[in-house]
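Please read these numbers as outputs of a predicted model, since none were measured by experiment.
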Amino acid sequence: MVFRKHLTRAGIDRAVVYAVSARLWSLFSSLVMMTLILRYLTAEEQGYYYTFSSIIAAQILLELGLGVVVTQFASHSMAKLTWTADGLVVGDLEEKQRLSSLIKLTVRWYAILGGVFVAVLGPLGWLFLDHADPTTTVQWKAAWVWLILAAAANLVALPLLSLLEGCGRVTDVSNIRLRQSIAGCLVSWAVIWLGGGLFALP
């Protein structure tokens with residue numbers, strides 16, 4: 001409690017603490033992950049692991065920074081709206097309707113993107129990996145399917161955090177992202193340590 005007062009006096013709120021903590025955790029977790037990959041994955045599995053990571057990064061091209069746009073539009077609507085203690089949004093009716101329309105449009109659009117991601121990148125990645133080394137002994141196919149589905153689910157959930165952030169819940173979103181990062185890393189580490197190999201990515 002005293003520590004929080006000192007942070008507040010210094011102009012540092014909980015959102016900043018969560019964001020900085022997430023960055024520090026990302027640095028630490030990357031070092032741990034690299035160590036586990038070198039220790040528990042064969043050289044061939046490591047190649048597939050980093051290839052998976054590179055292909056999945058293509059979801060950034062689908063997203064095209066729309067999350068930032070969604071956050072901006074939501075924040076404009078929230079200028080005339082407020083949160084109640086019960087977690088409800090109250091205020092100008094027209095802005096509430098505009099925000100509601102934005103939420104519906106955003107969720108629908110990202111659901112379509114998730115479907116396109118599975119339908120296009122899934123088969124393309126499969127063909128690329130299958131032709132890269134047909135004689136490989138690495139069991140990558142099931143891990144690839146799970147990774148595509150997990151990445152698509154993540155893509156669909158992405159705008160929800162952007163919407164909340166635009167609606168002024170910056171602290172809550174920062175807290176969620178930090179918890180999400182910690183939980184994801186711990187699960188990935190456990191999967192590698194238990195011999196799950198490529199399943200650590202999904």
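- Across Ser188 and Met33, no two heavy atoms sit closer than the pair CB-CE, 3.8 Å.
- Atom OG1 of Thr171 is separated from atom CD of Glu165 by 10.0 Å, given to the nearest 0.5 angstrom.
- The shortest heavy-atom contact between Gly166 and Met78 is O-CG, 3.9 Å.
- For the pair Leu24 and Phe28, the minimum side-chain heavy-atom distance is 4.5 Å or more.
- Between Arg179 and Asn175, the closest side-chain pair of non-hydrogen atoms falls below 4.5 Å.
- Linking Ile, Leu, Val, Met, Phe, Trp and Tyr whenever their side-chain heavy atoms come within less than 4.5 Å puts Leu178 and Leu186 in one cluster.
- At most 12 heavy atoms of other shown residues, nucleotides or ligands fall within 6.0 angstrom of atom CH2 in Trp109.
- Of the possible donor and acceptor atoms, one in the side chain of Thr51 sits under 3.5 Å from a partner among the backbone N and O of Gly47.
- Taken from CG in Leu99 to CG in Asp92, the straight-line distance is 11.5 Å, to the nearest 0.5 Å.
- Closest approach of Ser29 to Ser26, counting heavy atoms only: OG-O, 3.1 Å.
- Hydrophobic cluster membership differs between Trp146 and Leu201, with clusters built from Ile, Leu, Val, Met, Phe, Trp and Tyr side chains linked at under 4.5 angstrom.
- No more than 12 heavy atoms of other residues, nucleotides or ligands lie within 6.0 Å of CD in Gln139, so this atom counts as exposed by the packing criterion.
- Dense packing is recorded around CZ of Phe199, with more than 12 heavy atoms of other residues, nucleotides or ligands lying under 6.0 Å away.
- Counting all heavy atoms, side chain and backbone alike, Ala19 lies closest to Ser174 at N-CB, 4.5 Å.
- Both Ile112 and Leu66 belong to a common hydrophobic cluster when Ile, Leu, Val, Met, Phe, Trp and Tyr are linked at side-chain heavy-atom distances under 4.5 angstrom.
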Please list every donor-acceptor pair under 3.5 Å in which a side-chain atom of residues 79-86 meets a protein atom from a residue at least two apart or in another chain.
unit_1: Trp83; atom_1: NE1; unit_2: Cys167; atom_2: O; d: 2.6
unit_1: Thr84; atom_1: OG1; unit_2: Asp86; atom_2: N; d: 3.3
unit_1: Thr84; atom_1: OG1; unit_2: Leu88; atom_2: N; d: 3.1
unit_1: Thr84; atom_1: OG1; unit_2: Leu88; atom_2: O; d: 3.4

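- For the atom pair Tyr49 OH and Leu41 CG, the distance stands at 8.0 Å (nearest 0.5 Å).
- Annotation: the span from Cys185 atom SG to Gln180 atom CD amounts to 10.0 Å, rounded to 0.5 Å.
- In this structure, the side chains of Leu160 and Leu164 stay at 4.5 Å or more apart for every pair of heavy atoms.
- Within the 3.5 Å criterion, the main-chain N or O of Glu94 finds no donor-acceptor partner in the side chain of Gln97.
- Val118 and Ala152 make their closest contact through CG2-CB, 3.4 Å (heavy atoms, listed as atom of the first residue, atom of the second, distance).
- Within 6.0 Å of the OH atom in Tyr50, the count of heavy atoms belonging to other residues, nucleotides or ligands exceeds 12.
- A donor-acceptor contact shorter than 3.5 Å is absent between the side chain of Ser181 and the backbone of Ala22.
- Phe73 and His76 have perpendicular rings, their planes meeting at more than 60° on a 0 to 90° scale where under 30° would count as parallel.
- Distance CZ/Arg98 to OG/Ser77: 6.0 Å, rounded to 0.5 Å.
- Shown are Phe52, Trp140, Trp144; of these, the ring-ring contact (aromatic ring centres under 6.0 Å, His included) with Trp126 is made only by Trp140.
- Under the 4.5 Å side-chain heavy-atom criterion for grouping Ile, Leu, Val, Met, Phe, Trp and Tyr, Val69 is connected to Val107 within one hydrophobic cluster.
- For the side chain to side chain contact (heavy atoms under 4.5 Å, CB included) with Val70, the qualifying choice from Leu158, Leu161, Thr106 is Thr106, the only one to do so.
- With rounding to the nearest 0.5 Å, the separation of CG in Leu198 from CD in Gln46 is 10.5 Å.
- In this structure, Val68 is not a member of the same hydrophobic cluster as Leu163, with clusters built from ILVMFWY side-chain heavy atoms closer than 4.5 Å.
- Pairing each heavy atom of Ala200 with each of Ile192, the nearest pair is CB-CG1, 3.3 Å.
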